[in-house]
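Heads up: the structure comes next, in structure tokens.
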Amino acid sequence: VINNSKYKDRKGLDESQLFTVPDGWKEPAFTKEDNPKGLLEESSFATLFPKYREAYLKECWPLVQKALGDSHIKATLDLIEGSITVCTTKKTFDPYAVVRARDLIKLLARSVPFEQAVRILEDDMACDIIKIGTLVRTRERFVKRRQRLIGPKGSTLKALELLTNCYVMVQGNTVSALGPFNGLKEVRKVVLDTMKNIHPIYNIKTLMIKRELSKDPELRLQSWERFLPNFRHKNLTKRKEPKKKTTKKEYTPFPPQQPESQIDKELATGEFFLRESVKKRKKMEEIKVKQAEALTKRQEERNRAFIPPKEKPVMKKTNKAPSEAKIDIEAIKAKVRKAKTKKLGAPSVNPVPQTTPAYDKKKKNKG
């Protein structure tokens, strides 16, 4: 029976106050005193593992048996069938221990190392195996997006692990995550968004802001929408519009009118009732008219090459003397007189004697 007075009081409170766990609170551990008589029925879980995990499981199997033996869970490794089975015993007192053992063998089968997988046996730990193989159609896109989740040299995955306090393992078509419940929720969101072509850096940036805001006790009970970034989807590849756009005509219930046939056209013009000889003569006249038109067009195209282009008129540049500046004619005359009186060049001191060329002397000797 629900107490209405308590329900009314709770309804008035904020949701964040109802779901928040007090700081430092821890659930008490489940001991043998809580269930002294043990379990009534035996329950078991089995899982298959790939061939490449066989060698690793052989090595770490004694450690797995020891870890499960503390909670009285029996584990068997079948290398022929390729399966691991866990089941409860008469000494098992914790009913949830077999579920934790089931998660342990699932993580071991998905290539999670034993050092990390054994943490699932703790009370405040949980695991989530996210299937990503069927979220993307083409294999090439799937591989690219999976690599985007890992990042260059695993930097994106490392940042996600630090922000969520979870261990994340990307293997094949699944992503295995191990950590607290709140962290697993964030990891699942980031992984699914990455497979939907949303870059993980956006979600990582949001997680970083949330982590800083959670440190402030005043902002814990307030809405964080104003602080969180709002990333909008940009469609970079715009579809090219066609050159010829077809516009749809208005719908009419009546069918379109049938086109007229050749006989209908001849009946309308009266050609149908003419004789064959007259029809042939008319056709020949039409052909001759078309030929004449084609001939004139061809002649015009040929004559176009002989038409001279229009020349632009040559404009001579004339430098007009400035009318404002007055020329002093008398001063110019005086300069010319002085130039005439002056002797240009120095007179020669030793006059050069005139010499007859060598070829003239030879002619005289011969004569």
- Message: Run L149 and V175 through side-chain contact (heavy atoms from CB on, under 4.5 Å) and show every step you take.
- Response: CA-CA 10 Å; L149 179 65; V175 177; 4.2 Å; yes
- Would one find more than 12 heavy atoms of other residues, nucleotides or ligands at under 6.0 Å from atom NZ of K279? yes
- Is any side-chain heavy atom of I130 less than 4.5 Å from a side-chain heavy atom of L192? yes
- Task: Take N203 and L160 through the test side-chain contact (heavy atoms from CB on, under 4.5 Å) and record every step on the way to the result.
- Result: CA-CA 9 Å; N203 287 314; L160 186 64; over 6 Å; no
- Message: For I332, I'd like to know if atom CD1 has over 12 heavy atoms of other residues, nucleotides or ligands within 6.0 Å.
- Response: yes
- Query: How far apart are the C-alpha atoms of T156 and I201, what are their side-chain angles, what is the distance that settles it, and do they pass the side-chain contact (heavy atoms from CB on, under 4.5 Å) test?
  - Reply: CA-CA 8 Å; T156 309; I201 198 68; over 6 Å; no
- Task: Show which residues join I209 in its hydrophobic cluster (side-chain heavy-atom contacts under 4.5 Å, direct or indirect), or state none.
- Result: L213, L219, W224, F227, L228
- Message: I'd like to check V187 versus D128 (side-chain heavy atoms, cut-off strictly below 4.5 Å). Are they in contact?
- Response: no
- Does any non-hydrogen side-chain atom of P95 lie less than 4.5 Å from one of L39? yes
- Hey, are the side chains of R139 and V143 touching, using non-hydrogen atoms and a 4.5 Å cut-off? yes
- Message: M195 vs F142, test: side-chain contact (heavy atoms from CB on, under 4.5 Å). Steps then yes/no.
- Response: CA-CA 7 Å; M195 288 296 127; F142 169 73; 4.2 Å; yes
- Only counting residues at least two apart or in another chain, list the ones meeting side-chain hydrogen bond (donor to acceptor under 3.5 Å, both in side chains) with K51. E54
- Query: Is N165 atom CG crowded by more than 12 heavy atoms from other residues, nucleotides or ligands, each under 6.0 Å away?
  - Reply: yes
- Around E122, counting heavy atoms of other residues, nucleotides and ligands shown, do more than 12 lie under 6.0 Å from its CD? yes
- Task: Quick one: closest heavy-atom pair of L162 and R211, and the distance?
- Result: O-NH1, 3.5 Å
- Message: Strictly distance-based, threshold 3.5 Å: is any side-chain N or O of T92 a donor or acceptor partner for the main-chain N or O of H72?
- Response: yes
- When clusters are formed from ILVMFWY side-chain contacts under 4.5 Å, directly or step by step, what else is grouped with L295? none
- Query: So, do D123 and E27 sit near enough that their side-chain heavy atoms are less than 4.5 Å apart?
  - Reply: no
- Item | ring-ring contact (aromatic ring centres under 6.0 Å, His included) pairs, two or more places apart, involving residues 164-218 | Y202-F231
- For V64, check side chain to side chain contact (heavy atoms under 4.5 Å, CB included) against everything at least two apart and list the hits. C60, W61, L68, L104, L108, F114
- Can you name the salt bridge (charged side-chain N to carboxylate O under 4.0 Å, His left out) partners of K215, sequence neighbours left out? E212
- Message: Given 3.5 Å as the limit, does a donor-acceptor pair link the side chain of T88 with the main chain of S43, or not?
- Response: yes
- Query: Which residues satisfy the salt bridge (charged side-chain N to carboxylate O under 4.0 Å, His left out) test with R141, sequence neighbours excluded?
  - Reply: none
- Message: Donor-acceptor pair, distance only, cut-off 3.5 Å: does the side chain of S155 make one with the backbone of G151?
- Response: no
- Quick one: which residue pairs count as a side chain to side chain donor-acceptor pair (under 3.5 Å) with a foot in residues 103-114, not counting sequence neighbours? R110-T174
- Query: Side chains of P229 and T206: closer than 4.5 Å at any heavy-atom pair?
  - Reply: yes
- Message: Taking atom OH as the centre, does Y56 end up with more than 12 heavy-atom neighbours from other residues, nucleotides or ligands that are less than 6.0 angstrom away?
- Response: yes
- Note on the structure: Taken in chain and number order and not counting sequence neighbours, the residues that satisfy side chain to side chain contact (heavy atoms under 4.5 Å, CB included) with Y96 are D94, V99, R100
- Query: Sequence neighbours excluded, which residues qualify as salt bridge (charged side-chain N to carboxylate O under 4.0 Å, His left out) partners of E271?
  - Reply: K282
- Message: Give me each pair satisfying salt bridge (Lys or Arg N to Asp or Glu O under 4.0 Å) with a member in residues 299-308, each pair once, sequence neighbours excluded.
- Response: none
- Can you find a heavy atom in the side chain of T269 that is under 4.5 Å from one in the side chain of K265? no
- Output, in order, the C-alpha distance, side-chain angles, deciding distance and verdict of side-chain hydrogen bond (donor to acceptor under 3.5 Å, both in side chains) for N197 and R148. CA-CA 10 Å; N197 203 21; R148 194 181 294 164; 3.0 Å; yes
Just distance, no hydrogens or angles: give the donor-acceptor pairs under 3.5 Å from side chains in residues 244-261, sequence neighbours left out.
| residue | atom | partner | partner atom | Å |
| --- | --- | --- | --- | --- |
| K245 | NZ | E241 | OE1 | 3.3 |
| S261 | OG | D264 | N | 3.4 |
| S261 | OG | D264 | OD2 | 3.1 |

- Indicate the ring-plane relationship of F93 and F30, choosing parallel, tilted or perpendicular according to the 30° and 60° boundaries. parallel
- Heavy-atom check, side chain of L107 versus side chain of M169, under 4.5 Å: no
